[in-house]
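Basis for what follows: all heavy atoms, side chains included, without hydrogens, waters or symmetry-related copies. Just so you know, ligand 1 is whichever comes first in the structure, and atom 1 is the first atom listed for that ligand.
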Amino acid sequence: MKLLHSPTSPYARKVRVVAAEKKLDLELVTSDPWAPNPTLEAANPLGKVPALLTDDGGSLFDSRVIVEYLDGLSPVHKLIPEGSRDRIAVKRWEAIADGLQDAAIIARLEGNRPDQNESSAKQIARQRAKIVASLAEMSKELGDADLCVGKTFTLADIATGCALGYLLLRFPDIRWSEQHPNLARHYKKMAARASFVATDPAPPKA
Ligand code: GSF
């Protein structure tokens with residue numbers, strides 16, 4: 001299987017962490033979604049990374065579909081619970097984490113317009129408010145628990161770790177670890193996992 005990805009994409013990182021946790025081999029193909037890219041466009045009409053090229057010649061997107069597919073490939077270390085209640089809880093966590101990333105990416109793109117006069121401060125503020133609200137919801141949902149859903153490590157923990165890691169990479173001014181110590185505790189555990197270390201877009205300076 002080939003994963004069309006970019007090293008800093010938090011959605012692609014979620015896929016890479018899932019593959020690493022399940023010991024599935026992925027051939028990584030760095031694909032810039034912002035340049036004309038026929039391979040990517042053939043794999044995903046939305047022209048977004050990640051996109052997975054499966055061994056039967058098909059392709060899958062978006063990251064939520066890809067991670068569910070990977071989780072089903074091997075019974076080892078199921079990351080999406082079978083039971084409906086916990087399964088839905090995990091998918092809800094993934095929706096918050098991916099939604100936080102959506103807002104962060106829109107805010108970043110808006111702030112990076114070549115002509116700063118075109119950047120909409122209102123749109124940036126609106127998206128940053130979504131980030132703040134998502135962090136508060138994550139913190140409330142996590143409470144004093146070690147893991148996001150139940151007593152086992154799931155996709156919810158991976159998605160949350162990728163979203164928080166993305167904020168560290170791109171929005172260091174958002175001081176979520178001070179505002180939400182329980183998220184900081186959870187992230188410290190995630191960041192120490194081999195799957196997170198191996199996929200960190202900004203490994204600690206040697
Ligand atoms: C979002 C992927 C995405 O926005 C998913 O895979 O979960 N819902 C999708 N990817 C970005 C790159 S990055 O910022 O992660 C992308 O490919 N953007 C190019 C574009 O045309 O928006």
Side-chain angles (χ1 to χ4, degrees), residues 1-22 24 26-54 58-73 79-80 87-88 90-114 118-120 123-124 126-128 130-131 134 137-138 148 154-172 174 190 195-196 198-203:
M1 292 178 292
K2 286 185 185 173
L3 184 71
L4 307 184
H5 88 117
S6 74
T8 56
S9 164
Y11 310 95
R13 188 180 186 197
K14 179 178 66 175
V15 171
R16 293 165 60 209
V17 171
V18 165
E21 290 284 344
K22 293 188 72 82
L24 294 168
L26 279 186
E27 181 186 340
L28 299 180
V29 180
T30 299
S31 308
D32 176 5
W34 301 106
N37 191 326
T39 306
L40 177 59
E41 281 139 32
N44 179 359
L46 296 164
K48 294 187 177 189
V49 294
L52 185 76
L53 304 182
T54 51
S59 69
L60 291 177
F61 50 87
D62 68 359
S63 66
R64 282 169 262 208
V65 172
I66 296 170
V67 297
E68 187 151 3
Y69 170 75
L70 294 180
D71 196 39
L73 282 184
L79 296 170
I80 302 174
R87 174 186 163 75
I88 293 303
V90 166
K91 300 295 276 182
R92 185 182 187 275
W93 270 98
E94 186 181 27
I96 297 176
D98 284 12
L100 185 158
Q101 289 167 185
D102 294 343
I105 284 157
I106 293 169
R108 185 162 182 267
L109 289 173
E110 193 63 40
N112 286 354
R113 284 178 183 272
E118 288 178 1
S119 289
S120 161
Q123 168 72 300
I124 291 172
R126 188 166 181 273
Q127 297 304 324
R128 286 177 73 104
K130 293 175 190 288
I131 295 172
S134 301
E137 174 70 10
M138 284 174 161
C148 294
T154 69
L155 172 63
D157 301 296
I158 294 173
T160 299
C162 289
L164 296 176
Y166 187 70
L167 288 182
L168 287 177
L169 180 72
R170 298 294 195 207
F171 288 83
I174 297 179
M190 291 305 112
S195 60
F196 271 79
T199 58
D200 189 341

Shortest protein heavy-atom distance from [atom], along with the residue and atom involved:
| atom | result |
| --- | --- |
| atom 22 (O) of ligand 1 | K48 CE, 3.4 Å |
| atom 6 (O) of ligand 1 | S63 N, 3.0 Å |
| atom 8 (N) of ligand 1 | D62 OD2, 2.9 Å |
| atom 14 (O) of ligand 1 | I105 CD1, 3.3 Å |

Do the charged groups of R87 and E68 touch, with an N to O distance under 4.0 Å?
->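 Salt bridge between R87 and E68, a charged N being under 4.0 Å from a carboxylate O: yes.
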Relative to the heavy atoms of S9, which atoms of ligand 1 are at a distance of less than 4.0 Å?
->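 What qualifies from ligand 1 is 13 (S), 15 (O).
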Atom indices of ligand 1, in the order listed, that fall short of 4.0 Å to a heavy atom of P10 |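 Numbered from 1, ligand 1 contributes 15 (O).
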Counting heavy atoms not belonging to K2, are there more than 12 under 6.0 Å from its NZ?
->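 Atom NZ in K2 is not packed in, count stays at 12 or less.
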Among D102, L4, V49, closest by any non-hydrogen atom to atom 10 (N) of ligand 1 |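 Looking at heavy atoms only, V49 sits closest to atom 10 (N) of ligand 1.
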Option among L70, L3, V67, I66 that satisfies the side-chain contact (heavy atoms from CB on, under 4.5 Å) test with L60 |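 That would be I66; it is the only one of L70, L3, V67, I66 passing the side-chain contact (heavy atoms from CB on, under 4.5 Å) with L60.
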Evaluate the side chain to side chain contact (heavy atoms under 4.5 Å, CB included) criterion for residues H5 and T30: first the C-alpha distance (whole Å), next the side-chain angles of each, then the deciding distance (0.1 Å), finally the verdict.
-> CA-CA 5 Å; H5 88 117; T30 299; 3.8 Å; yes
Pick one: which of D98, D71, D62 meets salt bridge (charged side-chain N to carboxylate O under 4.0 Å, His left out) with K14?
->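 Checked D98, D71, D62 against K14; only one passes salt bridge (charged side-chain N to carboxylate O under 4.0 Å, His left out): D98.
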Taking all atoms of both residues into account, what is the closest heavy-atom pair of A107 and I124, and its distance?
->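 Nearest heavy atoms, A107 then I124: O-CG1, 3.9 Å.
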Would you check whether W34 reaches within less than 4.0 Å of ligand 1, judged by its heavy atoms?
->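 Distance cut 4.0 Å: W34 passes for ligand 1.
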